[in-house]
Protein chains: 2
Amino acid sequence: MIGNLTPVFAALGDDTRWAILVRLGEAPASASALAKEFPISRQAIVKHLDVLARAGLVESQQRGRELVHRALGGRLSDVARELERIGEQWDARLARIKKLAEG
Amino acid sequence: MIGNLTPVFAALGDDTRWAILVRLGEAPASASALAKEFPISRQAIVKHLDVLARAGLVESQQRGRELVHRALGGRLSDVARELERIGEQWDARLARIKKLAEG
DNA sequence: TTCGTGTGCAACCCAACAGTTGCATACGAG
DNA sequence: CTCGTATGCAACTGTTGGGTTGCACACGAA
C-alpha cells in the first residue's frame with residue numbers, strides 16, 4: 001500500500017515541477033545544471049526538488065561535490081497502479097447502482 | 001493520448017478535493033448534499049467540483065432541479081496508465097545508462 | 001400560491017507557494 | 001594555493017487558490 005496520495009499529486013501538479021521531473025527522467029542532473037536549462041533561478045529548482053523528494057519521486061546522491069538528482073519511475077508506477085485500482089472501483093460501483101435503478 | 005496531465009494532478013493534489021472525489025466515487029451527489037457532509041461551505045464545494053470537472057474527473061447531470069455530480073473512474077484509469085508508462089520509461093532509461101557506465 | 005431549498009454570481013480575506021536576491025561556505029580543478 | 005563553481009540558508013515579494021459571506025433567482029412540493 002502507499003501512504004497519502006495527495007502530496008504526490010500536489011508535487012506533480014505544477015507545470016515547472018513536472019517539467020523538471022520529466023527532465024530528470026531522461027537523465028540525472030544537479031540543481032545547478034537544471035538551473036541552466038530552465039528559465040528560473042537555482043533556488044527555485046532546489047525548492048522544487050525538495051517537494052519532489054518529499055513526495056518520494058526523486059532521490060539524490062552526492063557525486064564529488066555535486067548533488068545529483070534522479071527521477072524514481074518505480075514510485076510513479078506504484079502511484080499509477082493504486083490510481084487505476086481506485087478508478088476501476090468507482091466505475092464498477094456506478095455500474096452496480098445503475099443496474100439496481102434499472103432492474 | 002491524454003492532454004496535459006498537470007491540471008489533473010493539481011486537481012487531485014488537495015486533500016479536501018480528493019476527499020470529495022472519493023465520496024463521489026461511492027455515489028453521485030449534488031453540491032448541497034456534499035456541503036452537508038463536509039465541514040466547508042457549499043460554495044467551496046462548488047469550486048472544487050469545478051476544478052475536478054475541468055480536469056475531466058467529474059461529470060454533472062441535471063436531475064430535477066438538482067445538479068448531480070459523479071466521479072469518472074475511467075478518466076482516472078487513463079491517467080494512471082499514462083503515468084505507469086512514463087514511470088517504466090524512466091527506470092528503463094536509468095538502467096540503460098547504468099549499464100553503459102559499468103560496461 | 002407560497003415557502004423551502006438548490007443553484008449561480010460576485011466580492012472579499014488570508015495563507016500557502018512559486019520565485020527572487022543576497023550572502024556565506026565549501027570543495028575540486030588547474 | 002587560488003579561483004571558479006556548487007551548495008545551503010534566509011528574508012522578501014507577488015500571485016494563486018481555498019474558503020467565506022451575501023444576495024438574487026428559480027423551481028418543486030405542500
For atom CD1 of A:Ile45 and atom P of C:dT21, their distance in whole Å: 14 Å
Atom-pair distance (CD on B:Gln61; C1' on C:dT7), nearest Å: 17 Å
Any pair counted as salt bridge (Lys or Arg N to Asp or Glu O under 4.0 Å), so long as it reaches residues 28-48 of chain B, sequence neighbours left out: B:Arg23-B:Glu37
Interatomic distance where NZ belongs to A:Lys47 and P belongs to D:dA11 [whole Å]: 12 Å
Phosphate OP1/OP2 of D:dA6: any A:Ser30 side-chain N/O under 4.0 Å: no
Nearest-Å distance for atom pair CG/P, residues A:Asp14 and C:dA16: 18 Å
B:Phe38 with B:Leu67, same ILVMFWY side-chain cluster at under 4.5 Å: no
Electrostatic pair A:Glu82:A:Arg85 at N-O distance under 4.0 angstrom: yes
Phosphate OP1/OP2 of C:dT7: any B:Ser32 side-chain N/O under 4.0 Å: yes
Atom pair CZ (B:Arg75) and CG (A:Asp91), whose distance is rounded to the nearest 0.5 Å: 13.0 Å
Gap between atoms CZ and P, on A:Phe38 and C:dA18 respectively (whole Å): 15 Å
Distance below 4.0 Å between A:Lys36 side-chain N/O and D:dA6 OP1 or OP2: yes
Least distance between heavy atoms, B:Ala29 atom then B:Leu24 atom: N-CD2, 3.7 Å
Considering all heavy atoms, the nearest B:Leu72-A:Trp90 contact: C-CE3, 4.5 Å
Below 4.0 Å: OP1/OP2 of C:dT21 and any side-chain N or O of A:Ser41: no
Name the pairs: protein N/O against N/O of nucleotides 14-16 of chain D, kept only if under 3.5 Å.
none

Separation of A:Glu26 CD from A:Leu21 CG (nearest 0.5 Å): 11.0 Å
B:Gln62 CD to C:dG6 P, straight-line distance once rounded to whole Å: 13 Å
Separation of atom CZ in A:Arg54 from atom C1' in C:dA16, rounded to whole Å: 12 Å
Presence of B:Thr16 side-chain N/O under 4.0 Å of D:dG18 phosphate oxygens OP1/OP2: no
Out of C:dT7, C:dG22, C:dG6, whichever nucleotide has its closest atom nearest the side chain of A:Gln43: C:dG22
Under 3.5 Å between N/O atoms: give me all the protein pairs with nucleotides 25-30 of chain C, atom names plus distance.
residue: C:dC27; atom: O2; partner: A:Arg65; partner atom: NH1; Å: 3.0

Aromatic plane relationship, A:Phe9 with B:Phe9 - under 30° parallel, 30 to 60° tilted, over 60° perpendicular: parallel
B:His48 vs D:dG17: side-chain N/O to OP1/OP2 distance below 4.0 Å: no
Side-chain donor/acceptor of B:Arg42 to base of D:dG19, under 3.5 Å: no
Contact summary for A:Val58 and A:Ala71, nearest pair of heavy atoms: CG2-CA, 4.3 Å
Any B:Arg17 side-chain N or O less than 4.0 Å from OP1/OP2 of D:dG18: yes
Atom pair CD (A:Gln61) and CZ (A:Arg70), whose distance is rounded to the nearest 0.5 Å: 6.0 Å
Between D:dG28 (P) and B:Arg63 (CZ): distance, integer Å: 14 Å
Among C:dT7, D:dA6, D:dG19, the one nearest A:Glu66 by side-chain distance: D:dA6
Residue A:Leu67, side-chain atoms from C-beta onward, closest of C:dG19, D:dT7, D:dG18: D:dT7
